[in-house]
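Excluded from the calculations below are hydrogen atoms, water molecules and symmetry mates; all remaining heavy atoms, backbone and side chain alike, are included.
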Amino acid sequence: MQWKNNADRFGALAKFFHWTSAGAFIGAYVVVYYVIWFLDEEAPGTLAVLNVHWMLGLLVGALVLPRLAWRLLDVQPQDPPGSALEHRLAHAAHWGLYGLLIVLPLTGYVGTGLHTDFGLFTVPSFRDTALFESMATTFGMTWESFEAPVDIVHHFLGKWVAWGVVGLHVLAAVFHHRVRKDDVLTRMLP
């Protein structure tokens with residue numbers, strides 16, 4: 001098993017970051033839509049289910065910076081055959097995914113007024129941090145005036161942007177595998 005990437009394949013660490021991020025990202029969606037479609041916000045146990053969504057979101061957020069650092073430090077496999085425009089679009093789509101992997105966990109965390117309980121430890125809510133207290137004092141804002149626009153950004157990106165960007169990523173992988181019959185998909189598989 002190779003840990004580092006080479007010109008032909010991604011290494012084990014890049015695959016770990018990719019598939020763990022993807023699993024946590026998709027899991028967070030499954031959990032939040034389960035809450036939206038099947039649970040009453042006021043029902044007992046809803047908060048515990050939402051806590052799973054928050055934990056998965058924090059995991060995505062915790063993985064994105066080391067993932068980006070590894071991407072910048074390690075060699076990247078060569079682009080498959082295609083036009084310069086296709087390559088630019090693919091790179092733009094990947095950076096769009098990275099943007100979502102940063103902005104969604106960030107807005108999710110700073111826009112949630114409750115702590116996240118991991119069992120062994122708890123992550124305090126942003127509302128309870130010294131940073132928010134300093135921001136509130138400096139800018140004269142309340143939690144409610146801060147939380148509302150952050151939630152709007154988080155929900156807009158989650159409902160309208162992420163589905164399209166992730167769907168495009170999946171379709172491109174399937175297109176490369178089924179139509180182009182190149183190794184774009186297989187070089188990222190475990």
Working to the nearest 0.5 Å, report the span between [atom1] of [X] and [atom2] of [Y].
X: Leu100; Y: Thr107; atom1: CG; atom2: OG1; value: 9.5 Å
X: Phe175; Y: Leu185; atom1: CZ; atom2: CG; value: 13.5 Å
X: His53; Y: Tyr34; atom1: NE2; atom2: OH; value: 15.5 Å
X: His155; Y: Trp160; atom1: NE2; atom2: CH2; value: 13.0 Å
X: Lys15; Y: Met188; atom1: NZ; atom2: CE; value: 8.0 Å

Inset, instruction - Measure from NZ or CZ of Arg71 to the centre of the six-membered ring of Trp95, then state whether that distance is under 6.0 Å and the direction lies within 45° of the axis. - result: yes
Inset, instruction - Salt-bridge test for Glu86 and Arg180: reply yes if a basic N is under 4.0 Å from a carboxylate O, no otherwise. - result: yes
Inset, instruction - Compare all side-chain heavy atoms of Leu106 with those of His154 and state whether any distance is below 4.5 angstrom. - result: no
Legend entry - Ser21 and Arg67, any side-chain heavy atoms less than 4.5 Å apart: yes
Inset, instruction - Decide whether Asn51 and Asp117 meet the rule of one side-chain donor and one side-chain acceptor closer than 3.5 Å. - result: no
Inset, instruction - Indicate whether any N or O donor in one side chain lies under 3.5 Å from an N or O acceptor in the other, for Asp183 and His177. - result: no
Legend entry - Evaluation steps, ring-ring contact (aromatic ring centres under 6.0 Å, His included), between Trp143 and Phe132: CA-CA 9 Å; Trp143 173 251; Phe132 176 72; 5.1 Å; yes
Inset, instruction - Apply ring-ring contact (aromatic ring centres under 6.0 Å, His included) to the pair Phe38 and Tyr33, showing each step before the final yes or no. - result: CA-CA 8 Å; Phe38 300 111; Tyr33 276 99; over 10 Å; no
Inset, instruction - Report yes or no: do Trp163 and Val161 belong to one cluster of Ile/Leu/Val/Met/Phe/Trp/Tyr joined by side chain heavy-atom distances under 4.5 Å? - result: yes
Inset, instruction - For Gln2, look at atom CD and say whether over 12 heavy atoms of other residues, nucleotides or ligands are found less than 6.0 Å away. - result: yes
Inset, instruction - Check the angle between the aromatic planes of Phe118 and Phe121 and answer parallel, tilted or perpendicular using the 30° and 60° thresholds. - result: parallel
Inset, instruction - On the 0 to 90° scale, with breaks at 30° and 60°, tag the His91-His87 ring pair as parallel, tilted or perpendicular. - result: perpendicular
